[in-house]
Amino acid sequence: MSVVTRFAPSPTGFLHIGGARTALFNWLFARHHGGKFLLRIEDTDRKRSTQEAIDAIFEGMRWLDLDWDEEPLFQSTRAQHHAGCARKLLDQGKAYYCYCTPEELAEMREKARAEGGRMLYDGRWRDRSPSEAPDGIPPVVRFKAPQEGETIISDSVQGDVRVANDQLDDMVLLRADGTPTYMLSVVVDDHDMGITHVIRGDDHLTNAFRQTQLFLSLGWSPPVFGHIPLIHGADGAKLSKRHGALGVEAYRDMGFLPETVFNYLLRLGWGHGDDEIIDRQQAVEWFDLPGVGRSPARFDMDRLTSLNAHYIRTADDRRLADAITPLLAERLGSPPDADAMSRVAAGMPELKERGKTLGQLADSALFYAFKRPLELDNKATKILNDQARAILGRLVPALTTFDPWTAENIETAVRDFAEAEGLKLGDVAQPLRAAFTGTNVSPGIFEVAAVLGRDEALGRIEDIAD
RNA sequence: GACCCCAUCGUCUAGUGGCCUAGGACAACAGCCUUUCACGCUGUAGACACGGGUUCGACUCCCGUUGGGGUCGCCA
C-alpha cells in the first residue's frame with residue numbers, strides 16, 4: 001500500500017509551532033515511505049478563515065521547505081459533495097433530523113453537568129418521527145451512532161485505544177443552514193483524497209472514534225491514525241498564545257534558521273538514539289511512527305537557541321551575510337555599502353562562531369559596517385585612556401613595515417611591538433579592539449585587522465590615537 | 001464532573017526483563033585554553049512519581065494511587 005498523508009490546517013491564524021510539527025511529521029512519514037504528502041485547507045468556517053492566514057500557512061511551509069504534492073485542496077469547495085454524503089446516510093436511516101434549539105441543548109448540558117455525567121446529546125430525536133417536527137425550526141442532521149459495544153482504534157503512536165460507544169453521542173453532520181460540519185468534511189475528504197495515514201495532534205484522539213464510526217457507516221475503511229503528543233509551554237499546559245505560541249514566521253523574524261526549527265521540532269517527541277543534530281535527509285531516512293513518543297514535550301527556548309548557534313556556525317558565509325543585510329540596514333539607519341558588506345562577508349567565519357541568532361550575528365558584525373570615525377561605547381572609552389592611546393600611536397609605524405597584510409603577520413608585528421615595549425599582549429590588544437570595533441568584545445583582533453585591510457585599520461587607529 | 005491519554009535528571013530524550021553503580025544533549029556550576037567574547041576540551045551536580053504484585057531478576061510487564069494533560073460546540 002502506498003502511503004498518502006496530509007496536513008489539514010484551518011486558516012484562522014498563522015502556522016503555529018504545533019501545526020508546523022504536525023506538518024513536519026506528515027511530510028517526513030510520506031517521504032520516508034516514498035508516498036505522497038497532500039495539503040488541505042479546512043476553510044469551512046468562512047467567518048474565521050482569512051486569506052492572510054492561508055498565505056501565512058503556505059509561507060511557513062515553504063520556509064521549512066516542506067513541499068506538498070498536488071494542488072492544495074480547499075475544503076469549502078466540496079461542501080455540496082459533503083452534504084450529499086449526509087443525505088445518503090439520511091436515506092439509509094444512518095442519520096436523522098434533530099429539531100433541538102440551541103437553548104434546549106444548553107439546558108441539556110447544564111443538566112448533565114449538574115448530574116455529574118458526560119455532556120452529551122441525549123438522542124431525543126433519534127427515533128422520533130419527522131411528522132412530530134415543530135414548525136419554524138430548521139433541523140440539523142445528526143449521525144445515528146452505534147449505542148452499544150465499543151469503538152477501537154489501533155493508533156500507530158498511542159497503541160490500541162478503546163471507548164465504550166455509549167460515551168459518544170450523535171454528532172451533527174449538517175448544520176441548520178445545510179452546511180457540513182468538520183466531522184463530516186474530514187471523513188469524506190480523507191476518503192476521497194485516498195489518505196492512508198492521519199497524523200495529527202493528540203487533541204484529535206477523541207475525534208478519531210467518531211470519525212471511525214462515520215467511515216464505517218459510509219462503507220469505507222478508516223485510515224491508520226497516529227496521534228502525536230501536543231507541545232506544551234514551559235508550565236506544562238497546552239501551548240497557547242499565553243505562552244507566546246507563535247507562528248513559524250515569528251521564529252524566522254527572531255533570527256532562527258529554518259533548519260534549526262526543523263531539527264528542533266523533529267526532536268520534540270521523537271528521537272533516534274543519542275543523535276541530536278539531524279539534517280533533513282537523515283531525518284527522512286530515519287523517521288517512522290513507532291519512534292514517536294507518547295508523552296507531551298515542553299517547548300524549550302534555550303535548546304532552540306543552542307541548536308541555532310550550531311546551524312549558524314555551519315552555515316555558508318555568503319548566505320549569512322545576505323541574511324543579515326536587512327538587519328544591518330536597520331541598525332545603521334541606511335543600507336550598508338559594498339565595502340561594508342565585503343568586510344562583513346570576509347569576517348563571517350569568525351563572526352558566526354559567536355552569534356546564536358541572526359540578530360546577534362548582525363549586532364556583532366555591525367562594527368565592520370561602520371564608517372569612520374567610529375563611535376565608542378562606554379567600555380571602549382574606558383579602555384582608550386591616555387596611556388592606551390599613546391601605545392596605539394607608537395604601534396602605528398610597526399604596522400607599516402611588512403607585507404602582506406595577513407592576520408599572521410599582524411600578530412607577529414604586534415607581539416614584537418609588545419615585547420619591545422615591555423607590555424603584555426592584552427595591553428595592546430584591548431586598545432586595538434576598542435579602536436577597531438568601538439567596543440570591548442569581538443572576534444580575534446588580528447583576524448579583525450586583516451579583514452579591515454591595512455588602510456581602514458590604520459585609519460581607525462589614527463582616529464583615536466594621539 | 002465524565003471519558004481518554006501520559007509519567008526517566010530543571011528541559012528534550014536513550015532505555016522494549018539481566019548490558020543500568022540508568023547513557024546523551026540543552027541549561028547550571030567549576031576548571032583548562034586565551035588579547036576580549038565565543039568555540040573547543042575536562043570535570044561536578046542532577047531522574048526511573050508512589051505502593052502493591054508477576055519473575056531467579058524489574059526503569060522496563062500487570063494492578064492501584066498520585067500527579068499532569070487532552071476532550072466533552074450547529075469551531076476546526
Side-chain angles (χ1 to χ4, degrees), chain A residues 8-12 42-45 47-49 75 98 100-102 105-106 109 112-121 138-142 155 158-159 161-164 166-169 171-183 185-186 201-207 209 227 229-230 232 234 236-238 264 267-277 293-307 309 313 350-356 364 379 383 411 414-415 418 424-434 437 439-446:
Chain A
S10 61
T12 53
E42 309 220 317
D43 56 348
T44 53
D45 186 346
K47 286 191 284 293
R48 296 201 303 149
S49 301
Q75 197 162 54
C98 165
C100 288
T101 62
L105 292 171
R109 288 188 197 103
R113 175 177 275 285
E115 288 170 2
R118 297 213 77 188
M119 294 178 284
L120 302 172
Y121 173 69
V140 299
V141 173
R142 282 185 186 271
D155 194 280
Q158 305 290 346
V161 188
R162 57 186 65 208
V163 72
D166 62 13
Q167 293 298 324
L168 271 14
D169 63 1
M171 62 191 160
V172 173
L173 261 21
L174 251 34
R175 303 185 183 99
D177 65 3
T179 58
T181 59
Y182 160 81
M183 284 291 180
S185 299
V186 185
D202 212 2
D203 49 345
H204 283 286
L205 185 58
T206 51
N207 288 338
F209 296 107
H227 289 92
L230 300 176
H232 286 177
K238 185 179 179 180
Y264 179 71
R267 284 284 291 104
L268 225 43
W270 179 86
H272 184 272
D274 287 341
D275 296 300
E276 299 291 348
I277 304 295
R294 283 127 292 153
S295 55
R298 300 186 187 202
F299 191 84
D300 181 4
M301 204 62 177
D302 279 341
R303 189 166 184 98
L304 181 71
T305 303
S306 143
L307 256 185
R313 274 200 296 281
E350 279 78 37
L351 292 173
K352 70 184 182 183
E353 289 292 327
R354 282 149 248 264
K356 293 183 191 304
S364 70
K379 299 273 181 53
I383 290 167
E411 175 162 3
V414 173
R415 282 186 187 277
K424 286 185 293 185
L425 187 55
D427 295 333
V428 186
Q430 276 304 84
L432 215 41
R433 169 167 288 111
T437 70
T439 184
N440 67 324
V441 175
S442 81
I445 203 61
F446 306 118

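Each chain gets a letter, A, B and so on, in the order the sequences are listed, and its residues count up from 1.
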Quiz item: Does A/R303 have a side-chain nitrogen or oxygen under 4.0 Å from the phosphate oxygens OP1 or OP2 of B/rA25?
Solution: no
Self-check item: Given B/rG23, B/rU13, B/rC4, the nucleotide with the shortest approach to the side chain of A/V161
Solution: B/rC4
Exercise. Rounded off to whole Å, could you give me the CZ-to-P distance for the A/R294 and B/rU60 pair?
Key: 13 Å
Quiz item: Using a cut-off of 4.0 Å on non-hydrogen atoms, how would the nucleic acid contact of A/P229 be classed: base, sugar-phosphate, or nothing?
Solution: nothing
Exercise. May I ask you to say what A/I445 touches in the nucleic acid, namely base, sugar-phosphate or nothing, with a heavy-atom cut-off under 4.0 Å?
Key: base
Quiz item: Roughly how many Å is it from CG in A/D45 to P in B/rC74, rounded to a whole number?
Solution: 13 Å
Practice problem: Verify the contact: side-chain N or O of A/R313 to OP1 or OP2 of B/rA38, cut-off strictly under 4.0 Å; return yes or no. | Solution: no
Quiz item: Does any nucleotide pair with B/rU34 by Watson-Crick or G-U wobble geometry, both distances under 3.5 Å, and what is it?
Solution: none
Quiz item: Looking only at atom types and distance, does a side-chain atom of A/S306 sit under 3.5 Å from a main-chain N or O of A/D302, one as donor and one as acceptor?
Solution: no
Exercise. Consider the side chain of A/D274, meaning its heavy atoms from C-beta on, and name the nucleotide among B/rU36, B/rA14, B/rC26 that approaches it most closely.
Key: B/rA14
Quiz item: In terms of side-chain heavy atoms of A/E276, which of B/rA2, B/rG24, B/rC37 is nearest?
Solution: B/rG24
Practice problem: For A/C98, answer base if it contacts any base atom (sugar-phosphate contacts may also be present), sugar-phosphate if it contacts only those atoms, and nothing otherwise; contact means non-hydrogen atoms under 4.0 Å. | Solution: nothing
Exercise. Would you classify A/F299 as touching base, sugar-phosphate or nothing, given that sugar-phosphate means primed atoms plus P, OP1 and OP2, and contacts are heavy atoms under 4.0 Å?
Key: nothing
Self-check item: Sugar-phosphate only, base, or nothing, as touched by A/L230 at under 4.0 Å among non-hydrogen atoms
Solution: sugar-phosphate
Exercise. Kindly point out which of B/rC74, B/rC72, B/rC39 is positioned nearest to the side chain of A/L120?
Key: B/rC72
Practice problem: Look up atom CZ in A/R142 and atom CG in A/D169, then write down how far apart they are to the nearest 0.5 Å. | Solution: 6.5 Å
Quiz item: Looking across every strand, which nucleic acid part, if any, lies under 4.0 Å from A/A297 by heavy atom: base, sugar-phosphate, or nothing?
Solution: sugar-phosphate
Quiz item: Closer to the 5' end of RNA chain B via nearest nucleotide, is it A/G269 or A/R162?
Solution: A/R162
Quiz item: For the pair made of CZ in A/R298 and C1' in B/rC6, what is the distance, rounded to whole Å?
Solution: 12 Å
Practice problem: Report which part of the nucleic acid A/D427 touches: base, sugar-phosphate, or nothing (heavy-atom distance under 4.0 Å, all strands). | Solution: nothing
Quiz item: Under 4.0 angstrom, heavy atoms only, what part of the nucleic acid is A/G444 near: base, sugar-phosphate, or nothing?
Solution: base
Self-check item: Nearest listed nucleotide, side chain of A/D203, among B/rA76, B/rG70, B/rU35
Solution: B/rG70
Quiz item: Roughly how many Å is it from CD in A/E353 to C1' in B/rG40, rounded to a whole number?
Solution: 9 Å
Quiz prompt | Nearest-angstrom distance, P atom, B/rC26 to B/rG18 | solution = 29 Å
Quiz item: P atom, B/rU44 versus B/rG23: distance in rounded Å?
Solution: 12 Å
Exercise. Identify which nucleotide among B/rC5, B/rG69, B/rA76 has an atom closest to any side-chain atom of A/S10, counting heavy atoms from C-beta outward.
Key: B/rA76
Quiz item: Rounded to the Å, how far apart are A/I277 CD1 and B/rG24 P?
Solution: 17 Å
Quiz prompt | Residue matched to B/rC72 through Watson-Crick or wobble contacts both under 3.5 angstrom | solution = B/rG1
Quiz prompt | Spacing of A/Y121 atom OH relative to B/rG73 atom C1', expressed in whole Å | solution = 14 Å
Quiz item: Looking across every strand, which nucleic acid part, if any, lies under 4.0 Å from A/V140 by heavy atom: base, sugar-phosphate, or nothing?
Solution: base
Exercise. Using a 4.0 Å heavy-atom cut-off across all strands, classify A/T44 as base, sugar-phosphate, or nothing.
Key: sugar-phosphate
Quiz prompt | C1' gap between B/rG15 and B/rC9, integer Å | solution = 14 Å
Exercise. Using Watson-Crick or G-U wobble geometry with both distances below 3.5 Å, tell me the partner of B/rG43, or none.
Key: B/rC29
Practice problem: Could you check which of B/rC4, B/rC74, B/rC37 has an atom nearest any side-chain atom of A/R142? | Solution: B/rC74
Practice problem: Could you measure between the two P atoms, the one in B/rC39 and the one in B/rC29, and give it in whole Å? | Solution: 13 Å
Quiz prompt | Nucleotide nearest A/P296 (side chain, heavy atoms from C-beta), chosen from B/rA76, B/rC6, B/rC26 | solution = B/rC6
Practice problem: Provide, to the nearest angstrom, the distance between the CD atom belonging to A/Q430 and the C1' atom belonging to B/rU34. | Solution: 11 Å
Practice problem: Provide, to the nearest angstrom, the distance between the CE atom belonging to A/M183 and the C1' atom belonging to B/rU71. | Solution: 10 Å
Quiz item: What nucleic acid atoms does A/H204 come within less than 4.0 Å of, heavy atoms only: base, sugar-phosphate, or nothing?
Solution: base
Quiz prompt | Selection from B/rG70, B/rA2, B/rC74 that lies nearest to any side-chain heavy atom of A/T206 | solution = B/rG70
Quiz prompt | Under 3.5 Å donor-acceptor, A/R433 side chain and A/P443 backbone | solution = yes
Quiz item: Contact class for A/S442 vs. all strands (heavy atom < 4.0 Å): base, sugar-phosphate, or nothing?
Solution: base
Practice problem: Give A/R48 one of three labels, base, sugar-phosphate or nothing, depending on what nucleic acid heavy atoms sit under 4.0 Å from its own. | Solution: base
Quiz prompt | N/O donor-acceptor pair under 3.5 Å between A/S10 side chain and A/T12 backbone | solution = no
Quiz item: With respect to the side chain of A/S306, which nucleotide from B/rU13, B/rG69, B/rC26 is positioned closest?
Solution: B/rC26
